[in-house]
Amino acid sequence: MSSRIQGSTLRLEADVLVIGGGPAGAWAALTAAAKGSKVVLADKGFCGSSGATAPSGTGVWYVEPEGRQRQEAKMSRYFMGGRLAENEWMDRVLDQTYENMNRLGGWGYSFPVDPDGGIFRRGLQGPEYMRLMRKLVKRAGVKILDHSPALELLADKLGVGGAAGVSTQGGDPWRVTAGAVVIATGGCAFLSKALGCNVLTGDGYLMAAEAGAEMSGMEFSNAYAISPTFSSVTKTAYYRYASFYYEDGTVVEGAGSTKGRSVIAKKLLENRQVYARLDQAPADLQPLLRVGQTNFFLPFDRMGIDPFKDMFPVTLRLEGTVRGTGGIHIVDETCATKVPGLYAAGDAATRELICGGFTGGGSHNAAWAMSSGSFAGEGAADYAKSLGRHAAKREVHGLSSAPLVSSGTYGSLQEKPPIAAEEYIRAVQEEVMPYDRNLFRTDEGLRDSLQRLDGVWKSIRQEPIHLDYQAVKKREAAAMAATARWMYRSAQARTETRGMHKRVDYPELDETQHYRLITSGLDEISVRAQRVSEEAVSL
């Protein structure tokens with residue numbers, strides 16, 4: 001791997017560039033390096049501590065390779081997800097997850113042991129997991145660029161060949177040319193303050209679309225998680241032990257953590273505060289819950305609240321595609337996109353193949369991250385190798401939909417001052433965060449929001465982006481606007497209720513719409529149906 005400084009720009013060459021340093025990115029980098037590739041990993045935060053996985057524990061879809069257990073695991077969310085998952089993909093992910101989790105044990109991850117001496121491999125503690133992954137990635141010889149968000153992909157006639165970005169600590173730009181690129185930037189939670197989601201703004205979606213990639217399942221993007229009003233921790237799984245109340249202590253009928261979240265949303269829309277209490281957790285289980293998710297309890301401890309005995313106010317925080325299933329459309333088993341040289345993994349890639357239209361926190365998400373990361377890393381390494389030894393020396397150009405300009409040229413390109421990125425971000429949040437727009441969808445509401453979002457996109461699209469510390473925020477705003485528009489265009493096209501996608505005006509599942517929706521385009525968005533074959537879903 002070669003590196004040099006030209007002026008203030010860091011320039012690197014590699015076989016594979018991985019954008020994103022969460023579990024999917026780390027597994028992609030490890031796998032590509034194991035194939036003999038020279039790898040650069042660029043992370044928006046600090047690889048090992050940023051992103052949705054790093055700050056908390058997560059369940060993992062880890063199932064022993066026994067026929068009955070595997071069958072039950074695949075069926076667990078198949079119908080809940082609207083029968084859009086595929087048997088072959090579920091098998092591949094279960095196999096790869098089983099292998100990767102066992103590897104982690106061999107590499108030093110300390111799994112808990114049950115009273116019978118068995119090793120429990122169905123969960124991971126995020127801090128320990130990602131600290132180990134960073135160590136392994138560095139040991140594999142991967143060059144890590146921390147605090148270095150990518151701003152645009154680079155390409156030539158052969159396809160994608162690198163990316164360019166900026167260091168948010170030093171302010172210096174960087175540029176990596178590579179034979180192949182893996183997008184592992186996570187999903188989009190629209191800066192809703194959900195724990196670990198501050199770096200998850202859909203950046204990878206936008207960069208991939210600018211290169212010509214498509215999205216899939218973007219209508220399955222309205223995931224809201226239960227959270228105390230005073231905390232950013234969104235571990236909805238613990239609310240299976242909760243009862244929900246009004247302030248006077250009367251029960252909120254129908255409210256729950258799985259099938260009753262809509263009831264909570266409706267009460268909040270009526271300006272009726274909902275309270276929770278984990279009063280269904282058995283006494284002998286309570287200490288184990290504290291050990292399993294330590295950070296879940298920290299906000300309560302700080303406020304002197306015992307969540308097992310005391311009522312506390314809750315809200316629903318938007319987690320978008322982080323816990324939704326939509327993302328970049330992949331076209332084969334290597335997690336390749338339709339664009340040569342571009343691969344996607346983790347929350348950045350559609351999870352429909354194993355979840356259909358519904359998922360949740362951890363479990364399938366964690367399994368998909370490590371499995372798709374492995375698939376994409378291997379695919380990218382093979383692709384880069386097929387280009388020959390000069391793959392990283394191509395003459396590539398930037399693909400940003402808005403011009404990225406230096407400080408010397410910025411003022412001459414426009415007559416009026418640019419709108420602050422924060423204003424754009426607020427404008428997008430006003431369309432995607434309200435429950436009556438995103439959770440309970442109607443054609444009228446979607447159409448109204450799209451009209452405003454199209455205006456936001458057009459304005460962002462026309463403004464040049466000054467290459468300083470504000471560049472990252474401007475690109476985040478653009479990515480959020482693009483993501484919201486793909487979500488709502490897809491939601492308009494699916495005139496039924498399936499998975500997590502709820503249409504108030506079409507409340508029933510429509511068997512004639514048993515297909516995936518593939519969304520593409522930036523200024524003009526198109527949506528097409530892709531049938532799910534009966535062979536693919538046969539269980």
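Below, each value reflects all heavy atoms present in this structure, side chains not excepted, and no hydrogens, waters or symmetry copies.
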Any sub-3.5 Å donor-acceptor pair from [X]'s side-chain atoms to [Y]'s backbone N or O?
X	Y	answer
Arg516	Gly217	no
Thr337	Leu342	yes
Ser372	Gly346	yes
Ser37	Val39	no
Arg461	Ser401	yes
Arg131	Ser49	no
Asn222	Asn438	yes

Tell me every residue that passes side-chain contact (heavy atoms from CB on, under 4.5 Å) with Lys385, counting only those two or more places apart in sequence or in another chain. none
Measuring from atom OH of Tyr515 to atom CZ of Arg528, what distance do you get when rounded to the nearest 0.5 angstrom? 13.0 Å
If you measure from CE on Met370 to CG on Leu124, what distance do you get to the nearest 0.5 Å? 5.5 Å
So, do Tyr383 and Tyr343 sit near enough that their side-chain heavy atoms are less than 4.5 Å apart? yes
What pairs with Arg139 under salt bridge (charged side-chain N to carboxylate O under 4.0 Å, His left out), at least two apart in sequence or on another chain? none
With sequence neighbours left out, what residues match Arg452 under salt bridge (charged side-chain N to carboxylate O under 4.0 Å, His left out)? Glu431
Tell me which donor-acceptor pairs under 3.5 Å the side chains of residues 180-194 have, and how far apart each pair is, sequence neighbours excluded?
residue : atom : partner : partner atom : Å
Thr185  : OG1  : Gly204  : N            : 3.2
Ser192  : OG   : Ala189  : O            : 3.2
Ser192  : OG   : Leu318  : O            : 2.5

With sequence neighbours excluded, give me every ring pair (Phe, Tyr, Trp, His ring centres under 6.0 Å) pair touching residues 484-504. none
Does Arg394 pair with Asp156 as a salt bridge, N-O distance under 4.0 Å? yes
Is Arg323 close enough and on-axis enough to Phe358, meaning under 6.0 Å and within 45°, for cation-pi? no
Taking all heavy atoms of Arg351 and all of Thr321, pick out the closest pair and write down the distance. NH2-O, 3.9 Å
Under the side chain to side chain donor-acceptor pair (under 3.5 Å) test, residues paired with Arg175 that sit two or more places apart: none
